[in-house]
Student: 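Below is a structure I'd like to ask you about.
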Amino acid sequence: MATAEAAVLSSPLKTDIVPVSETAETDAAMARKSVATAAAAAIVAAARTGSETRVSKAALATKLLSLSGVFAVHKPKGPTSAELLNRLKEKLLAEAGMPSSEWTKRKKQTLKIGHGGTLDSAARGVLVIGIGRGTKMLTSMLSGSKRYIAIGELGKATDTLDSTGKVTEERPYDKITQEDIEGILQKFTGNIMQIPPLYSALKKDGQRLSTLMKRGEVVQAKPARPVTVYSISLKKFQPPFFTLDVECGGGFYIRSLVSDIGKELSSCANVLELTRTKQGPFTLEEHALPEDKWTIDGIAQSLEHCSSLFPAELALKKSKPEESDEQALSCEYVTLNETKEEGDVIKTFGDQSGGSSFPG
């Protein structure tokens, strides 16, 4: 600071042409002193601002690593669930300034974050997120009911059973009525058997069926398995489109449902639009955070708001950030997919590929 002030004061005013009066010299000196004072003040302010910024980032980092619980975000169409999780993680780390040289001088910490109940890349709606110790609660989220609004299209079948796939069959639908659809919905209610889609997160020899299909490999359909549909109703019918409101249990595929409805009507069908409006106790309207609220404070408020949704035995105790002298700051993903193979056990995967998994 003294060097900066001296540099300002050492710059003389030029008086080569007209001699200046004593008063003018005094005024010039005062002006130089005023400039020096302002420069020094600016340097002090900049230093203080930088220090405050570092303190603020450190506080945000500490708050981020102390977050623990389960909340929900609003997934838009386009990204996969894994890609959306990465986007959320990057926004939080950027806000907290992590990793930074100031933070890594402290005890090194681990950020744990994951999602439960994968949504198709073409689907939108509620995606449940666990952070901190909340990642251990995600399995219980998969066992709860889910609710979807699905728009089906009659007359076209695709290899993925939705509008993103290649059309494999076209059949007439002009004679199908609203009464026809309503009359068969009872067949798809209750405890039923369902064959999962080939394009799905289910695995064969450790690889997703959807990945094998994209490679052009021959894949055998998984056998039908028991699933539960609590309710299903026809909300709108405007041929060739029909809108369903479905509440179901875990491991259920809406795409398979729509395809099966098309076959039952002696036609075919695929999913045009899919929105998950509820997962467990989380609803799209009340609990799902839009992306502009994916902030540390926003998530902290959401965790507080959502804590009342769980029974006492699932309530999380406040936990200290995990500490390790050996592990550098990292993000651990605990991504749970609705994979009920091998004895209907829900598997836990750490897949970071962001590949499409097509459940739902």
Side-chain angles (χ1 to χ4, degrees), residues 77-78 80 118-125 146 148-189 192-204 208-227 229 232-246 248 251-276 338-341 355-360:
K77 292 176 61 176
T80 65
T118 306
L119 271 176
D120 295 357
S121 58
R124 59 183 290 270
K146 302 172 180 64
Y148 298 88
I149 297 295
I151 300 177
E153 179 184 18
L154 290 168
K156 290 182 181 180
T158 69
D159 55 358
T160 62
L161 307 188
D162 66 11
S163 60
T164 66
K166 296 179 181 179
V167 176
T168 58
E169 183 183 13
E170 294 189 55
R171 300 189 66 179
Y173 59 86
D174 54 300
K175 294 184 179 180
I176 297 175
T177 66
Q178 179 171 331
E179 290 72 22
D180 290 333
I181 298 177
E182 291 176 334
I184 67 168
L185 293 185
Q186 187 62 34
K187 294 183 179 181
F188 299 98
T189 305
I192 63 174
M193 300 297 289
Q194 184 186 68
I195 298 176
L198 288 176
Y199 278 87
S200 70
L202 298 181
K203 292 193 173 184
K204 176 186 178 183
R208 290 183 176 185
L209 297 186
S210 57
T211 301
L212 298 176
M213 290 288 293
K214 290 175 183 178
R215 291 178 186 169
E217 299 185 22
V218 178
V219 178
Q220 295 294 323
K222 291 286 185 179
R225 60 186 187 174
V227 292
V229 178
I232 180 172
S233 61
L234 179 66
K235 293 299 183 183
K236 186 177 181 180
F237 181 53
Q238 187 175 355
F241 308 113
F242 59 99
T243 303
L244 301 174
D245 184 346
V246 184
C248 57
F252 186 82
Y253 285 86
I254 299 295
R255 287 177 294 124
S256 291
L257 169 68
V258 170
S259 176
D260 291 342
I261 286 175
K263 294 174 183 177
E264 189 70 24
L265 294 168
S266 299
S267 181
C268 53
N270 72 92
V271 173
L272 188 65
E273 298 280 347
L274 182 62
T275 302
R276 183 156 64 198
E338 295 177 75
T339 307
K340 289 192 174 181
E341 51 185 341
S356 181
S357 53
F358 294 94

Student: Under the salt bridge (Lys or Arg N to Asp or Glu O under 4.0 Å) test, which residues partner E264, sequence neighbours left out?
Tutor: K187
Student: Do Y253 and I195 come within less than 4.5 Å of each other through their side chains, counting heavy atoms only?
Tutor: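 With C-beta onward as the side chain, the pair stays apart.
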Student: Working to the nearest 0.5 Å, report the span between NZ of K235 and CD1 of I149.
Tutor: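 Nearest 0.5 Å value for the NZ-CD1 distance: 7.0 Å.
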Student: So do the side chains of K263 and C268 get within less than 4.5 Å of each other, counting heavy atoms only?
Tutor: no
Student: Taking C-beta and beyond as the side chain, do I261 and L185 meet within less than 4.5 Å on heavy atoms?
Tutor: yes
Student: Which distance, rounded to the nearest 0.5 Å, do you find between the CZ of F242 and the CD of E182?
Tutor: 12.5 Å
Student: Counting only N and O atoms by type, is there a donor-acceptor contact under 3.5 Å from the side chain of T168 to the main-chain atoms of A157?
Tutor: yes
Student: Mind checking what makes side chain to side chain contact (heavy atoms under 4.5 Å, CB included) contact with D180, not counting sequence neighbours?
Tutor: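 Side chain to side chain contact (heavy atoms under 4.5 Å, CB included) check on D180 returns I176, T177, L265.
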Student: Taking the side chain as every heavy atom from C-beta outward, state whether L244 and L234 have any atom pair closer than 4.5 Å.
Tutor: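 With C-beta onward as the side chain, the pair touches.
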Student: With a 3.5 Å distance limit and no angle check, can you tell me whether S256 reaches the backbone of P196 through a side-chain donor-acceptor pair?
Tutor: no
Student: Quick one: are I254 and F252 in side-chain contact, heavy atoms under 4.5 Å?
Tutor: yes
Student: Could you measure the distance from the CD atom of E273 to the CG atom of D162? Nearest 0.5 Å is fine.
Tutor: 10.5 Å
Student: Specify the closest pair of heavy atoms between G125 and T275, including all atoms of both residues, with the distance to one decimal.
Tutor: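 The pair with the smallest heavy-atom distance is CA-CG2, 4.4 Å.
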Student: Please round to the nearest 0.5 Å and tell me the distance separating atom OG of S233 and atom CG of D245.
Tutor: 4.5 Å
Student: Do any N or O atoms from the side chain of T158 and from the backbone of G165 form a donor-acceptor pair under 3.5 angstrom?
Tutor: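 Side chain of T158 to backbone of G165: no pair is present.
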Student: Hey, is the main chain of A122 close enough, under 3.5 Å, to the side chain of D120 for a donor-acceptor pair?
Tutor: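 Here the side-chain-to-backbone pair does not exist.
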Student: Distance from S266 atom OG to R171 atom CZ, nearest 0.5 Å?
Tutor: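 Interatomic distance, S266 OG to R171 CZ, rounded to 0.5 Å: 6.5 Å.
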Student: Is a donor on one side and an acceptor on the other found under 3.5 Å between the side chain of S267 and the backbone of P172?
Tutor: yes
Student: Could you grab the distance from atom CZ of R225 to atom CE of M193, nearest 0.5 Å is fine?
Tutor: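 Here the interatomic distance stands at 10.0 Å.
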Student: Below 4.5 Å, heavy atoms only, C-beta onward: do N270 and L161 meet side chain to side chain?
Tutor: no
Student: Ignoring hydrogens, what is the shortest heavy-atom contact between T118 and R276? Give both atom names and the distance.
Tutor: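 The answer is O-NH1, 4.1 Å.
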